[in-house]
Amino acid sequence: MEGKYQPDRIEQKWQRLWEKNKSFQATEASPLPKYYLLEMFPYPSGKIHMGHVRNYSIGDVIARYKRMRGYNVLHPMGWDAFGLPAENAAIERGIHPAKWILENVTNMRQQLKRMGFSYDWAREFATCDEAYYRWEQLFFIKMFKRGLAYKKLSTVNWCDKCQTVLANEQVEGGHCWRCEQEVGVREINQWFFRITAYAEELLQECDRLPGWPERVLTMQRNWIGKSFGAEIQFPFVDREGKLTVFTTRQDTIYGATFASLAVEHPLALELSQGTSQETRVREFVERIKKINQARRGTDELEKEGLFTGSYCINPFTQEKIPIYLANFVLMEYGTGVVMGVPAHDQRDFEFARKYGLPIRVVIQPDGKMLDGERMTEAYLDEGVMASSGPFTGLPSEAGRGKVVAYLEEKGWGKQSISYRLRDWGISRQRYWGTPIPILYCDSCGSVPVPEEELPVVLPKNVELTGEGSSPLARLPEFFKAKCPKCGGPARRDTDTMDTFVESSWYFARYASPDEDRAPFDKPRVDYWLPVDQYVGGIEHAVLHLLYARFFTKALRDMGWLELSEPFTNLLTQGMVIKDGAKMSKSKGNVVDPDFLIERYGADTSRLFSLFAAPPEKDLDWSDQGVEGANRFLNRLWRFVFQHRDALLHSTSDPSKTELPPELKELRRQIHRTIKKVTDDIEGRYHFNTAIASVMELYNALSLVARDELVQEEAGALVKNGLETIVVLLYPFVPHMASELWENLGHQEGLERVRWPEYSAEALQEEELLIVVQVDGRVRGRITVPADAGEKFIEEMALADPKVGDFIRGKDIRRVVQVPRRLVNIVLGS
RNA sequence: GCGAGAGUGGCGGAAUGGCAGACGCACUAGACUUAGGAUCUAGCGGGCAACCGUGGGGGUUCGAAUCCCCCCUCUCGCACCA
């Protein structure tokens, strides 16, 4: 393989060899410590994009590095194959989603192999495999039996034209992302996973994930949204019962001058019955309900409400206050009822102004007296409780605790905690997904499919038109069934599960993908889990990563897993940007990895995506940057072949020889580079600086080689340096490194070579360069023996002629020394 | 609005309290060459200089890109959460 660097030839050569030797197949029978590395699996949408190249290059560096460090590494790959895009593509092209997915998988698998990623392909699976989703159906049934899966009527985004529920992400500006029809709302029966049952644990364990980026943890904490407050009961006037509100500001209770309900609240209509407001309330509820939730949030919707005709009593003031309906009150949060405190809540303030309700100041800020009549906006901050009966004069923060204690004593309410997190709606009125294994019987209700009858196979013989309901609902041989309980006629659920369900447990399946009697082979799953390092895009910071955490806990409680958290360490890589925007087809700024590989090879593509930016930052695409990466590999290639003969013949041990100073420095740099690259990979995944330091070593080496290769000891050292470069580069550019390694006379493949250790002895410096500052400005540099004492260094510094110019005739107030680095001479004023 | 992150040469970025700009790109000059968009060599923040330079202003420190306070700009997430 001499002569020109031809990536195509060498890359395929090594890829074939690795495949033949099964170099990356993981086994559980190993004395080495295990290391499970996982990158988020791709959606097989056609071909890989630069985001994949980046994601999987990052992962592959870690995988190969960890193997060299003596770990038993599991590094699997699979396909997130169910979901809307496949179904839509199938409708557009008139081919079955299964076929489309299979073609894409075949193509993308080939592309990933062409990149030289070190996956254990023996563990590959797709989530649309019956052998995979059958276990998901089992989980569903177990969750149903535990009350973790339940069905309820709920309000969803609904597209009339597509006849399906749309997730919030699929609603763009109030319109369907597919057909641009205005999205409406609909109440339908849907299955939910009770993720809220784990809200507290999910929140608590955020504190026990030190290997996760703070940013992601913050997003998860915010998403869960725990609030401390109180539930307070307001007895009705003229009727039985009480209205329960949730508030975090019970210290403002004396300022509550009205109450407001969400229009979805069960009492909304009831409260107006028999009052003069009855008709108007009915109209109002109908009208507000029609505005879909996405729109209700995004638009700056004006506060609007309507009096129900009923009153309740503020238990603290004993005052009769009106009950309103309000368009800004959410049924999903708290109790769906809010106490209106206009002086201390901006929404209530606007509402009160509009409907002429009293604004009563009950929190006074320091050094000011607010007046409800003259306020222009609500006062939200802390202060001192005012006009608040026995609580008057208390700081508002302390007041909250006192009010709760009082509430509980009087039996008017209790301390309460509310979460923003809502249960996970998983029903999709779509074909391409895991069928929900439930039957409906007129006399027995919702009945799970008996476990021994699983899987409920997704039928293939369907016609996809994109019109009307799911094809499953039009397939009697699918939905017609017998009730397992009473034997009577039953109807199968024709919805499928959200695809996020599949990705919530796939990482566990890789441990034993061949297990066909259970979802997991316990010994193997216990051996491999948790994932030691997970790598993926920041866009999954909440959804996927939260669902996967939830699922792990649920599977633990059902006895399948032993662990509580699936991913010990998380690395979220940034996006690939070109011309100031994320690469996307719609923006027309994509770079096709195929083109890159064809033109420069896999190693260059990998090297560029790793060198251009640290992993967690966005990567700015640059054609010249790719050229630069390619040039470096070419230089290295040429260097090796230019000097190969000389190098092969230099046999002396560079560590044994007494070297001249400049070669000693080179040796030091070799070991410094080993340390730097190791620290950069190990400690912080800064591959860009790791690569930079290897480049520096190469530069130093080529400088020495130019002048001194003739000498025997220099030759040995250059060879040692070059081999170090090749080994250090292996995780980044495995093909090139392997090829050079072989050409340097090594029989054993690099995938079996151990990572080099640096020698502390070699790092020892005999002389140190000390920077001399005067009043914090660099004025000179001195070279001193490494073991020089402070006093000696100070004398040398003061004696330096350049320094002398600045201190002559001045008072020296003090001299500060930083060992081994710097002296700062501080002059008197 | 709330929360998080970021702001350093012409560009990507390096330096996490101690020589700002490592490494790479672009650029300039030279060498080799029929040729060079290949390769090699040298230079490359601004300023003639003293000096000035890490979004702006203040502070802590012998010393600040780095720590603290205020402000500005950008990116991302959440967004009527009571």
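Order of the sequence lines fixes the chain letters, A, B, ..., with proteins taken first and strands second; residue numbering starts at 1 for each chain. Small disclaimer: the values here were computed from a predicted structure and weren't measured.
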Let me know the distance between OH of A:Tyr600 and P of B:rA38, rounded to the nearest Å.
-> 11 Å
Write down the partner of B:rC67 under the Watson-Crick or G-U wobble criteria, each distance required to be under 3.5 Å.
-> B:rG59
Identify the pairs formed between an N or O of the protein and an N or O of nucleotides 43-50 of chain B at a distance under 3.5 Å, and give each distance.
none

Which pairs would a plain distance check flag for residues 251-258 of chain A, meaning a side-chain donor or acceptor within less than 3.5 Å of a matching protein atom at least two apart in sequence or in another chain?
unit_1, atom_1, unit_2, atom_2, d
A:Asp251, OD1, A:Arg249, NE, 3.1
A:Asp251, OD2, A:Arg249, NE, 3.3
A:Asp251, OD2, A:Arg249, NH2, 3.0
A:Thr252, OG1, A:Arg249, O, 2.7
A:Thr257, OG1, A:Pro358, O, 2.9

B:rU39, B:rA82, B:rG18: which one has an atom nearest the side-chain heavy atoms of A:Val818?
-> B:rG18
Interatomic distance where CG belongs to A:Leu217 and P belongs to B:rA4 [whole Å] | 13 Å
Within a radius of less than 6.0 Å around CZ of A:Arg820, do more than 12 heavy atoms belonging to other residues, nucleotides or ligands occur?
-> no
Can you tell me, in whole Å, how much space there is between the C1' of B:rA26 and that of B:rC72?
-> 31 Å
Provide the distance between the two C1' atoms, one in B:rU39 and one in B:rU33, to the nearest whole Å.
-> 11 Å
Using a heavy-atom cut-off of under 4.0 Å over every strand shown, decide if A:Ser227 touches base, sugar-phosphate, or nothing.
-> sugar-phosphate
Determine the Euclidean distance between corresponding C1' atoms of B:rG18 and B:rG7; express it in Å to zero decimal places.
-> 24 Å
Can you tell me how far P of B:rC78 sits from CG of A:Leu546, to the nearest Å?
-> 13 Å
What interatomic distance, in whole Å, is found between P of B:rA64 and the corresponding atom of B:rC52?
-> 12 Å
Does atom NZ of A:Lys226 have more than 12 heavy-atom neighbours from other groups under 6.0 Å away?
-> yes
Atom-to-atom span, CZ of A:Arg635 to C1' of B:rC23 - whole angstrom = 11 Å
Do A:Arg400 and A:Glu382 meet the salt-bridge criterion of a basic N to acidic O distance under 4.0 Å?
-> yes
Could you give the distance separating B:rG47 and B:rU60 at their P atoms, to the nearest angstrom?
-> 34 Å
What distance, rounded to whole Å, do you find between the two P atoms, one in B:rC32 and one in B:rA50?
-> 37 Å
Distance (rounded to the nearest 0.5 Å) between A:Glu304 CD and A:Lys354 NZ = 5.5 Å
Using purine N1 to pyrimidine N3 plus N6-O4 or O6-N4 for Watson-Crick, or N1-O2 and O6-N3 for G-U wobble, both under 3.5 Å, which nucleotide pairs with B:rC25?
-> B:rG10
Sugar-phosphate only, base, or nothing, as touched by A:Asn222 at under 4.0 Å among non-hydrogen atoms = sugar-phosphate
With a non-hydrogen cut-off below 4.0 angstrom, is A:Arg821 in contact with a base, only sugar-phosphate, or nothing?
-> sugar-phosphate
Where does B:rG43 land, syn or anti, given syn is within 90° of 0?
-> anti
Name the orientation class of the two ring planes belonging to A:His540 and A:His544 (parallel below 30°, tilted from 30 to 60°, perpendicular beyond 60°).
-> perpendicular
Side-chain atoms of A:Asn824 come closest, of B:rC19, B:rG18, B:rC78, to B:rG18
Report which part of the nucleic acid A:Ile538 touches: base, sugar-phosphate, or nothing (heavy-atom distance under 4.0 Å, all strands).
-> nothing
Side chains of A:Gln346 and A:Glu350: donor-acceptor distance under 3.5 Å anywhere?
-> yes
Check every atom of B:rC19, B:rA26, B:rC40 against the side chain of A:Val771 and return the nucleotide holding the closest atom.
-> B:rC19
B:rC80 phosphate, OP1 or OP2: any side-chain N/O from A:Arg347 under 4.0 angstrom?
-> no
Among B:rA82, B:rA26, B:rC23, find the nucleotide with the atom closest to the side chain of A:Met695.
-> B:rC23
For A:Arg638 and for A:Arg777, find the nucleotide of RNA chain B with the closest heavy atom, then tell me which residue's nucleotide is more 5'.
-> A:Arg638
Across every strand shown, the nucleotide meeting Watson-Crick or G-U wobble geometry with B:rC2 (both distances under 3.5 Å) is B:rG77
Under 4.0 Å between any heavy atoms, over every strand shown, what does A:Val826 touch: base, sugar-phosphate, or nothing? Just pick one.
-> sugar-phosphate
Taking N and O atoms by type only, does the side chain of A:Arg781 place a donor or acceptor under 3.5 Å from a partner on the base of B:rC19?
-> yes
Just call it for A:Asp348: base, sugar-phosphate, or nothing, with non-hydrogen atoms closer than 4.0 Å on any strand.
-> nothing
Can you say whether the rings of A:Phe246 and A:Tyr333 are parallel (under 30°), tilted (30 to 60°) or perpendicular (over 60°)?
-> perpendicular
Restricting to nitrogen or oxygen on both sides, can you table the protein-nucleotides 5-14 of chain B pairs closer than 3.5 Å?
unit_1, atom_1, unit_2, atom_2, d
B:rG12, O2', A:Ala612, O, 2.7
B:rG13, O3', A:Asn688, ND2, 3.3
B:rA14, OP1, A:Asn688, ND2, 3.0

Between the side chains of A:Arg684 and A:Thr689, is a donor N or O closer than 3.5 angstrom to an acceptor N or O?
-> yes
Hey, does A:Val778 reach any base, or is it just sugar-phosphate, or nothing, if we go heavy atoms under 4.0 Å?
-> sugar-phosphate
Calculate the interatomic distance between A:Arg221 atom CZ and B:rG3 atom C1'; express it in whole Å.
-> 12 Å
Rounded to the nearest Å, what distance is computed from the CZ atom of residue A:Arg631 to the P atom of nucleotide B:rA38?
-> 7 Å
Whole-angstrom distance between B:rG24 and B:rC68, as gauged at atom P = 34 Å
Can you tell me how far the SG atom of A:Cys206 sits from the CD1 atom of A:Ile224, to the nearest 0.5 Å?
-> 5.0 Å
5' precedence on RNA chain B between A:Asn699 and A:Ile825 (nearest-nucleotide basis) | A:Asn699
Please measure how far the P atom in B:rA15 lies from the corresponding atom in B:rA31, and state the result in whole Å.
-> 38 Å
Please check if atom CD in A:Glu598 has more than 12 non-hydrogen atoms from other residues, nucleotides or ligands closer than 6.0 Å.
-> no
Proximity of A:Tyr600 and A:Phe608 rings by center, below 6.0 Å | no
Would you indicate what A:Gly225 reaches in the nucleic acid, counting non-hydrogen atoms under 4.0 angstrom: base, sugar-phosphate, or nothing?
-> nothing
Rounded to whole Å, the CZ-P distance (A:Phe639 to B:rC40) equals 12 Å
Tell me: CG of A:Leu633 to P of B:rC25, nearest whole Å?
-> 12 Å
Watson-Crick or G-U wobble mate for B:rA15, both contacts under 3.5 Å = none
So does A:Glu794 pair up with A:Lys791, basic N to acidic O under 4.0 Å?
-> no
